[in-house]
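Every heavy atom of this structure was used, including side-chain atoms; hydrogens, water molecules and symmetry mates were not. Just so you know, ligand 1 is whichever comes first in the structure, and atom 1 is the first atom listed for that ligand.
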Amino acid sequence: MNLFLRSLAKLLALLSLGFFMAACTAKSGSDTADLTWQPEEINGKKTYAELVVGYSQIGAESEWRIGNTASILEAAENLGVELLFSDGQQRQENQIRAIRTFIAQRVDVIGVSPVVETGWESVFQEAKDAGIPIILVDRRAAVSEDLYTAYLGSDFIEEGKNAGRVMVDLLGGEGHIIELVGTVGSAPALDRYAGFREIIQEYPGMKIIASESGDFTRAKGEEVMADLLKLYGDEIDAVYAHNDDMAIGAIRAIEAYGLKPGEDIKIVSIDAIRDAFQMMIDGKLNATIECNPLLGPQFFELALKVANGEPVPKWIPSEEGVFFPEDAAEIMPLRRY
Ligand code: GYE
């Protein structure tokens, strides 16, 4: 993790219990020489300087999430948007409380990354009744389309399929796979589970011998993998982890068990964080499927349009690739998360 992200993570940890103003708009005083002054409205339309956005983040479970939070805070500051940011610490009830607070504060737009898919109807309906649009960022919610304005995020099914395709190649269509699942009930865990199976079901020799949640964290990935190694040991040919952090945890467990990750046990994961590139350079990870967390600039562009009543697409998907060890050294310095 680079220094900037590290300090951001610390700041977030310190402030995680409440709300904070991530950025204050450069409001003009009487000083006409102030070059940062921006008009509040042009032709009756809001500008970034007038936009007030509430954002309910999930937590800080992974490097991906830390990169995602940094992107949102940075973009708000660069654009001069007033951002009310809340860290839900992985709990849906905290996120629901934050959304209710944003409604009471009468923000222009609410951004939310729902920790799990279900259970959002009532609070989204409350926002709708108050005339405040909801934009889903990163993760979907299982609600009817009239309860949110747009979804900005990845195609998690496609990510799961890409992981499946890479796994078929690595194992030559045959082998015993351990799956480390993300947060139970979250959109990425459900879709990465389904997408992977869509591909490997075509290969009768590919068998998922265990599928357990590591909650998207390194610590849990390591713990679950250590338990599964005790149960299955040498029978394991490969690990499919729903994110890189759990794969890195699994790598530690495999080494502690005395096997070689990347060789004895092939590993494919998702996110493409910087540490995953290091693991590929070290020969311990066989591939990572990209999932882009740098959604801040796109999110605020969307929020401004929505606040001004302009039409926006219902789903704005991110463009993503697949990375392998042979290119890791060249690409790693370019990675921003
Ligand atoms: O893959 C994982 C994070 O929702 C896409 O959440 C995101 C996932 C990401 O914790 O690392």
Side-chain angles (χ1 to χ4, degrees), residues 1 5 8-9 12 16 55-72 87-92 95 111-118 120 135-142 151-163 179-196 213-222 224 239-251 267-277 279 285 287-296 298-299 315-323 335-337:
M1 204 187 333
L5 291 184
L8 241 177
L12 275 177
S16 59
Y55 197 93
S56 165
Q57 178 60 295
I58 291 173
E61 73 282 2
S62 65
E63 298 278 312
W64 189 99
R65 186 69 50 202
I66 289 163
N68 178 244
T69 295
S71 169
I72 289 154
D87 177 340
Q89 301 193 302
Q90 315 297 316
R91 301 176 76 112
Q92 183 172 36
Q95 289 199 281
V112 53
S113 190
V115 61
V116 290
E117 272 198 347
T118 54
W120 300 97
I135 298 178
L136 301 175
V137 188
D138 153 42
R139 295 187 186 176
R140 284 186 331 267
Y151 164 55
L152 166 66
S154 308
D155 185 338
F156 301 133
I157 298 245
E158 194 52 39
E159 291 170 354
K161 283 185 178 175
N162 278 333
E179 179 181 35
L180 296 177
V181 176
T183 299
V184 173
S186 69
L190 293 162
D191 289 0
R192 288 169 184 174
Y193 179 100
F196 187 77
S213 175
D215 216 7
F216 281 132
T217 70
R218 280 186 203 200
K220 202 73 201 296
E222 183 173 357
V224 171
V239 171
Y240 163 44
H242 287 193
N243 80 346
D244 292 334
D245 288 85
M246 291 189 295
I248 292 168
I251 287 170
I267 308 175
V268 176
S269 55
I270 300 178
D271 276 356
I273 61 171
R274 198 190 296 263
D275 287 357
F277 284 80
M279 290 295 147
L285 179 71
T288 182
I289 317 297
E290 186 177 31
C291 179
N292 181 16
L294 308 175
L295 303 173
Q298 259 179 304
F299 166 65
W315 179 21
I316 300 99
S318 350
E319 277 185 20
E320 294 163 348
V322 178
F323 300 107
R335 299 303 290 170
R336 289 184 46 219
Y337 62 96

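- Close approach of ligand 1 to S62 (heavy-atom distance below 4.0 Å) involves ligand atoms 2 (C), 3 (C), 10 (O), 11 (O).
- Remark: the S113 side chain and the D138 side chain contain an N/O donor-acceptor pair separated by less than 3.5 Å.
- For I270, the heavy-atom gap to ligand 1 stays at 4.0 angstrom or more.
- No part of Q90 comes within 4.0 Å of ligand 1, judged by heavy-atom distances.
- Using a 4.0 angstrom heavy-atom cutoff, D245 does not count as in contact with ligand 1.
- The closest approach between R140 and ligand 1 stays at or above 4.0 Å for every heavy atom of the residue.
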Given the rule in the side chain to side chain contact (heavy atoms under 4.5 Å, CB included) test, do L285 and S269 qualify, once you have shown the distances and angles that lead to the verdict? CA-CA 8 Å; L285 179 71; S269 55; 3.6 Å; yes
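- Nearest non-hydrogen protein atom to atom 11 (O) of ligand 1 is D271 OD2, 2.6 Å.
- Near R65, the atoms of ligand 1 lying under 4.0 angstrom from a non-hydrogen atom of the residue are 3 (C), 4 (O), 6 (O), 7 (C), 8 (C).
- In the vicinity of C291, heavy-atom distances shorter than 4.0 Å reach the ligand 1 atoms 5 (C).
- Atoms of ligand 1 lying under 4.0 Å from any heavy atom of P188, numbered from 1 in the order shown and given with element: 4 (O).
- With sequence neighbours left out, E290 forms a side-chain contact (heavy atoms from CB on, under 4.5 Å) with A272, E320, F323, R335, Y337.
- T217 and E61 share no donor-acceptor pair across their side chains, judged by distance under 3.5 Å alone.
- Evaluation of the salt bridge (Lys or Arg N to Asp or Glu O under 4.0 Å) rule for E158 yields R165 as partners, not counting sequence neighbours.
- Side-chain contact check for L136 versus L152: every heavy-atom pair is 4.5 Å or farther apart.
- Scanning I58, V115, N243 for the heavy atom closest to atom 2 (C) of ligand 1 points to N243.
- Counting heavy atoms from C-beta outward, D245 and E63 have side chains that approach closer than 4.5 Å.
- The closest protein non-hydrogen atom to atom 6 (O) of ligand 1 is R139 NH2, 2.8 Å.
- Close approach to F156 involves these atoms of ligand 1, each under 4.0 Å from a residue heavy atom: 5 (C).
- Side-chain atoms of E159 and H242 form no donor-acceptor pair, as typed in the model, at a separation below 3.5 Å.
- Of the protein's non-hydrogen atoms, the one nearest atom 5 (C) of ligand 1 is D138 OD1, 3.1 Å.
- Using a 4.5 Å cut-off on side-chain heavy atoms (C-beta onward), V112 and V137 make no contact.
- The protein non-hydrogen atom at the shortest distance from atom 10 (O) of ligand 1 is E61 OE2, 2.4 Å.
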